[in-house]
There are 2 protein chains.
Amino acid sequence: MNAKQGPRPGGRSARVQASVQTAVRELLATMDRSEITVPLIATAAGVTPSTIYRRWGTLGELFADVAVERLRPDSDPIDTGNGWTDLEAWAEQYAEEMSSAPGRELIRDVLAAADTNCSQRCCSYSREQIAIMAERAAERGESFPDPEAVLDGVVSPIVYRILFGDAPTRDRIRDLVGRTMATTGSGSDERH
Amino acid sequence: MNAKQGPRPGGRSARVQASVQTAVRELLATMDRSEITVPLIATAAGVTPSTIYRRWGTLGELFADVAVERLRPDSDPIDTGNGWTDLEAWAEQYAEEMSSAPGRELIRDVLAAADTNCSQRCCSYSREQIAIMAERAAERGESFPDPEAVLDGVVSPIVYRILFGDAPTRDRIRDLVGRTMATTGSGSDERH
DNA sequence: CCACAAACGCAAAGAATTTGCTTTTGTGGC
DNA sequence: GCCACAAAAGCAAATTCTTTGCGTTTGTGG
């Protein structure tokens with residue numbers, strides 16, 4: 001009975017993992033993803049192809065791993081002083097980032113992975129950002145929709161449109177935010 | 001000046017295309033997609049691997065092609081006599097089909113393709129089905145939301161949840177439909 | 001029926017992936 | 001500190017997939 005359950009003893013795994021992921025990011029910045037191969041990454045990272053194959057299995061899983069990391073928000077949503085405009089600003093920025101060519105590819109990489117965990121983590125990132133805005137709104141005494149309602153009403157249409165059609169315009173996003181805010185029970189809060 | 005612009009002269013392309021797609025469907029029913037390879041498909045279809053590579057480029061594009069075909073609705077949404085319940089029934093069935101393991105894989109295959117056309121067509125299928133329900137509702141004199149609003153309010157949350165988290169429950173879907181129907185201008189139409 | 005071009009088959013060349021075995025490298029016990 | 005252990009990495013051969021050049025087949029339009 002011991003208290004540790006992680007990779008018990010082990011090798012230099014963390015170091016290798018980092019160098020491989022860095023190599024992928026660098027290559028991704030340089031060339032088209034369809035040109036990138038495992039042997040190429042291995043060379044760039046200073047490891048053997050078999051190391052990558054054994055650790056990630058396929059190129060797709062490796063890309064997904066890197067993509068999830070890049071999709072992680074690096075800061076809290078900006079505070080505009082109002083929940084409504086917080087959400088608007090965040091949604092607009094989110095849509096802009098995700099509808100760019102690199103953004104779309106990140107999402108696709110995540111979804112392509114067999115490991116469902118990747119896409120769930122990606123969703124949680126949004127959920128957490130929304131929760132932060134909700135909490136701030138609560139502290140101000142404003143009403144704010146349930147984070148799940150925001151995922152349904154704002155995030156999912158944005159992502160759906162990006163993946164299956166055309167990226168939503170700014171007006172469209174404001175509209176989505178407006179509709180979602182409107183269903184917040186009281187609906188008494190103004191936009192400004 | 002002639003009136004034809006399709007693949008002008010040409011080979012036996014249609015026949016080969018069909019046999020390859022059939023082979024993919026059959027293999028997909030038999031084994032896991034990660035086990036399926038181009039040479040395998042080629043053998044099953046009675047063609048050469050190079051034929052597949054030249055026509056589709058990658059396994060992913062071929063899978064996407066087959067997936068789009070399978071995602072095409074084979075019939076109109078059932079007519080329940082009322083727009084609201086039509087939409088509910090359709091959404092529930094859609095969610096059920098798409099949240100199954102095979103359904104999820106179809107969506108992923110479509111999204112993984114470099115050819116954006118595939119995912120757009122997939123979206124159009126839903127749009128068309130919704131338009132049919134809208135038209136029927138109009139004929140009955142009921143109000144019905146704009147098809148785009150249904151895509152935003154009903155389809156996109158369902159797809160988003162399936163892709164990024166857990167498939168929505170039946171109750172959740174009814175809720176989505178309810179909220180979307182409620183924003184239909186007048187809001188005077190009852191559910192039954 | 002002929003000429004044409006797209007598409008296919010074939011096979012060799014070139015890459016990528018898998019796999020068995022050896023070596024390295026942290027970790028924990030002594 | 002030093003040893004023994006096991007996970008992880010390196011290496012290289014074997015396998016499998018992908019690309020490519022070239023000759024052949026097969027519809028289509030004249």
Side-chain angles (χ1 to χ4, degrees), chain A residues 1-24 26-28 30-66 69 109 112-115, chain B residues 1-24 26-28 30-66 69 109 112-115:
Chain A
M1 311 300 141
N2 61 40
K4 203 126 183 254
Q5 88 284 28
R8 215 66 59 62
R12 67 231 98 157
S13 71
R15 217 161 32 237
V16 169
Q17 172 159 339
S19 70
V20 169
Q21 291 184 339
T22 300
V24 171
E26 287 175 0
L27 288 172
L28 233 27
T30 308
M31 47 175 51
D32 194 68
R33 89 192 324 71
S34 61
E35 316 270 311
I36 299 176
T37 65
V38 170
L40 201 65
I41 296 167
T43 302
V47 301
T48 310
S50 64
T51 295
I52 295 178
Y53 286 118
R54 279 200 247 257
R55 177 179 278 267
W56 281 278
T58 70
L59 193 55
E61 299 296 316
L62 172 51
F63 276 146
D65 234 41
V66 173
E69 206 53 37
D109 285 345
D115 181 5
Chain B
M1 310 297 149
N2 62 38
K4 204 127 180 250
Q5 89 284 24
R8 218 64 60 60
R12 66 229 102 157
S13 72
R15 219 166 25 241
V16 169
Q17 173 160 340
S19 70
V20 169
Q21 292 184 338
T22 300
V24 171
E26 288 175 0
L27 289 173
L28 232 29
T30 309
M31 47 176 49
D32 194 69
R33 88 192 326 72
S34 61
E35 315 270 312
I36 300 176
T37 65
V38 170
L40 200 65
I41 297 166
T43 302
V47 302
T48 309
S50 64
T51 296
I52 295 178
Y53 285 118
R54 278 200 248 256
R55 175 180 278 266
W56 281 279
T58 69
L59 192 55
E61 298 296 314
L62 172 51
F63 275 146
D65 233 41
V66 173
E69 204 56 36
D109 285 346
D115 181 6

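Any value given below was found using the heavy atoms of this structure, including those in side chains, with hydrogens, waters and symmetry copies removed. Proteins get letters first, then strands, A, B, ... in listed order; numbering begins at 1 in each.
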Exercise. Could you check how far CZ of Arg15(B) sits from C1' of dT28(D), rounded to whole Å?
Key: 14 Å
Practice problem: Report which part of the nucleic acid Thr48(B) touches: base, sugar-phosphate, or nothing (heavy-atom distance under 4.0 Å, all strands). | Solution: base
Quiz prompt | Side-chain (Thr48(A)) to main-chain (Thr51(A)) donor-acceptor, under 3.5 angstrom | solution = no
Quiz prompt | Interatomic distance, Glu35(B) CD vs dC17(D) P [rounded to whole Å] | solution = 11 Å
Quiz item: Would you say a side-chain N or O of Thr37(B) is under 4.0 Å from OP1 or OP2 of dC17(D)?
Solution: yes
Quiz item: How far does CD1 of Ile36(A) sit from CG of Leu28(A), to the nearest 0.5 angstrom?
Solution: 4.5 Å
Exercise. Scan every strand shown for a Watson-Crick or G-U wobble partner of dT24(D), both distances under 3.5 Å, and answer none if you come up empty.
Key: dA7(C)
Quiz item: How long is the line joining CH2 of Trp56(B) and P of dC17(D), in whole Å?
Solution: 18 Å
Exercise. Give Arg54(B) one of three labels, base, sugar-phosphate or nothing, depending on what nucleic acid heavy atoms sit under 4.0 Å from its own.
Key: base
Practice problem: Nearest whole angstrom, please: distance from the C1' of dG10(D) to the CD1 of Ile52(A). | Solution: 13 Å
Practice problem: Taking all non-hydrogen atoms of both residues into account, name the closest pair between Pro49(A) and Pro39(A) and its distance. | Solution: CG-CA, 4.2 Å
Practice problem: Would you kindly give the CG-to-P distance between Leu40(B) and dC17(D), to the nearest whole Å? | Solution: 8 Å
Quiz item: Looking at Glu61(A) and Ala114(A), what are the two nearest heavy atoms and their distance?
Solution: OE2-N, 2.7 Å
Exercise. To the nearest Å, give me how far apart CG (Leu59(A)) and P (dA16(C)) are.
Key: 11 Å
Practice problem: Could you please name the option among dG9(C), dG10(D), dC17(D) that lies closest to any side-chain atom of Ser50(B)? | Solution: dG9(C)
Quiz prompt | Nearest-Å distance for atom pair CZ/C1', residues Arg55(B) and dT19(D) | solution = 18 Å
